[in-house]
Amino acid sequence: MFHLVELQYFERSDFPQLVAWVTSPEFLLQWGGPGFDYPLDEPQLEQYVLEANRPGSKVLVFRGFDTESGKVVGHISLGQIDRKNQSGRIGKVLVGDPAMRGKGIGQSMIRQTLDIAFDGLQLHRVSLGVFDFNHSAIEMYRKVGFTLEGVLRDARKIGDDYWNLCEMSILAHEWKTRKTATPV
C-alpha cells in the first residue's frame, strides 16, 4: 500500500521530530553522514538549514508529509546543487517511523526530489551515497533508476568499525525515460 506523500520545505518546527528519530550515533551517521555529531540537536539543524530553501540555494531540505495521516513521516535533501555542472546530490533520506517503512514513502520522496532536480532545476546528474549494508535502500534506489558507480571502501569510521559507501547516480535522460515508461 503506497501512501501519498507530499514534499514540503523542512522548517524549524520540524526539528524536534527529526531529533527524536535519530536515536544512536550509528543511525545518525547512516542518515546524515559525517556532517553531524551525536546527539543531533537543534543548533546543528539550524546550521544545516541556514542557507537552504532560498532562490539559488545549494541545498533544498524537505519533510515528507503523509496526506493520509496528516503527519510528517520523512525527511530528504537535495544538496551540493551545482548549477554550472548541472549536478546535485540526494542525501539525508529517512522514513522516521519504522512502522511506515516499506510502504513506498521513501520511493515517493526520491521520485519527487528527482522531479525537482531534473524538471525544476534542469540538472543533468543526481548522485547519492548509501552504506553497503543498507540493502533495502539500495534496492529502492535501483528501482527508481539509480546505477551503482562504485564502492568507497572503509569510507566512514564509526567506533572501531569502518563502513563501505556505495556511490550511485542517475542522469536526466535516464530519469525521463524511466518516468515515461513507468509513470508514478
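Reckoned from all heavy atoms, side chains included, excluding hydrogens, waters and symmetry mates. It should be emphasised that the depicted structure is a prediction, and the values quoted were computed from it without experimental measurement.
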Query raised in the report: With no hydrogens and no angle check, is any side-chain donor or acceptor of D66 less than 3.5 Å from a backbone partner on E68?
Result: yes
Requested in this report: Mind listing the closest non-hydrogen atom pair of I90 and V93 along with its distance?
Outcome: CG2-CG2, 3.6 Å
Query raised in the report: Hey, any chance L40 and F27 share a hydrophobic cluster, counting ILVMFWY side chains that come within less than 4.5 Å of each other, even indirectly?
Result: yes
Query raised in the report: Linking I/L/V/M/F/W/Y whenever their side-chain heavy atoms sit closer than 4.5 Å, directly or via other members, would I81 and V61 fall into one cluster?
Result: no
Query - N-O pairing of E167 and R153 below 4.0 Å - result: no
Requested in this report: Determine whether the side chains of D41 and Q44 contain a donor N or O and an acceptor N or O closer than 3.5 Å.
Outcome: yes
Requested in this report: Would you please test F131 and L29 for side chain to side chain contact (heavy atoms under 4.5 Å, CB included) and show each step?
Outcome: CA-CA 10 Å; F131 292 111; L29 180 60; 4.1 Å; yes
Query raised in the report: At their closest point, which heavy atom of L171 faces which heavy atom of F118, and how far apart are they?
Result: C-CZ, 3.8 Å
**Report entry** H75 ring center within less than 6.0 Å of F10 ring center
**Finding:** yes
Query raised in the report: For K157, does the NZ atom sit with more than 12 other heavy atoms under 6.0 Å from it, leaving out its own atoms?
Result: yes
Query raised in the report: Under a 4.0 Å N-O cut-off, is there an ion pair linking K179 with D115?
Result: yes
Requested in this report: Answer whether the closest heavy-atom distance between the side chains of R156 and P34 falls below 4.5 Å.
Outcome: yes
Query raised in the report: Are V95 and L128 connected, step by step, through hydrophobic side chains (Ile, Leu, Val, Met, Phe, Trp, Tyr) whose heavy atoms are closer than 4.5 Å?
Result: yes
Query raised in the report: Between W21 and V72, is any pair of side-chain heavy atoms under 4.5 Å apart?
Result: yes
Query raised in the report: For the side chain to side chain contact (heavy atoms under 4.5 Å, CB included) test, which of T113, N53, L7, I76 pairs with L60?
Result: N53
Requested in this report: Check the side chains of S169 and E149 for a donor-acceptor pair under 3.5 angstrom, ignoring hydrogens and angles.
Outcome: yes
Query - Considering all heavy atoms, the nearest K92-Y48 contact - result: CD-OH, 3.2 Å
**Report entry** Stepwise side chain to side chain contact (heavy atoms under 4.5 Å, CB included) test for Q86 and D82
**Finding:** CA-CA 6 Å; Q86 297 178 293; D82 178 341; over 6 Å; no
Report task. Before giving the answer on side chain to side chain contact (heavy atoms under 4.5 Å, CB included), spell out for V59 and Q80 the whole-Å C-alpha distance, their side-chain angles and the decisive distance to 0.1 Å. Result -> CA-CA 6 Å; V59 64; Q80 298 179 23; over 6 Å; no
Query - Closest approach of L165 to A155 (non-hydrogen atoms, all atoms of both residues) - result: CB-CB, 3.9 Å
Query raised in the report: R89 versus V126: any side-chain heavy-atom pair under 4.5 Å?
Result: no
Query raised in the report: Are L78 and L114 in one and the same hydrophobic cluster, where Ile, Leu, Val, Met, Phe, Trp and Tyr link if side-chain heavy atoms are under 4.5 Å apart?
Result: yes
Query raised in the report: Between R142 and L148, is any pair of side-chain heavy atoms under 4.5 Å apart?
Result: yes
Requested in this report: Identify whether the distance between the nearest side-chain nitrogen and carboxylate oxygen of E42 and R12 falls below 4.0 Å.
Outcome: no
Requested in this report: For residues K58 and E51, determine if any side-chain heavy atom of one lies less than 4.5 Å from a side-chain heavy atom of the other.
Outcome: no
Query raised in the report: Side chain of R178, backbone of V144: donor and acceptor closer than 3.5 Å?
Result: yes
Query raised in the report: Is there a side-chain contact between W163 and I158, using heavy atoms and a 4.5 Å cut-off?
Result: yes
Query raised in the report: If you look at every heavy atom in Q112 and V5, which pair is closest and at what distance?
Result: NE2-O, 2.6 Å
Query - Closest heavy-atom pair and its distance - I138, C166 - result: CD1-SG, 4.1 Å
Report task. Report whether F15 and Y38 are members of the same hydrophobic cluster (ILVMFWY, side-chain heavy atoms less than 4.5 Å apart, transitive linking). Result -> yes
Query - Heavy atoms of other groups near F133 CZ, more than 12 under 6.0 Å - result: yes
**Report entry** Distance (rounded to the nearest 0.5 Å) between Y141 OH and T147 OG1
**Finding:** 14.5 Å
**Report entry** W31 ring center near F36 ring center (under 6.0 Å)
**Finding:** yes
Requested in this report: Taking salt bridge (charged side-chain N to carboxylate O under 4.0 Å, His left out) as the test, write out the residues that go with K176, two or more places apart.
Outcome: D119
**Report entry** Charged N-O contact under 4.0 Å between D14 and R63
**Finding:** yes
Query raised in the report: Do the side chains of R101 and L94 get nearer than 4.5 Å, heavy atoms only?
Result: yes
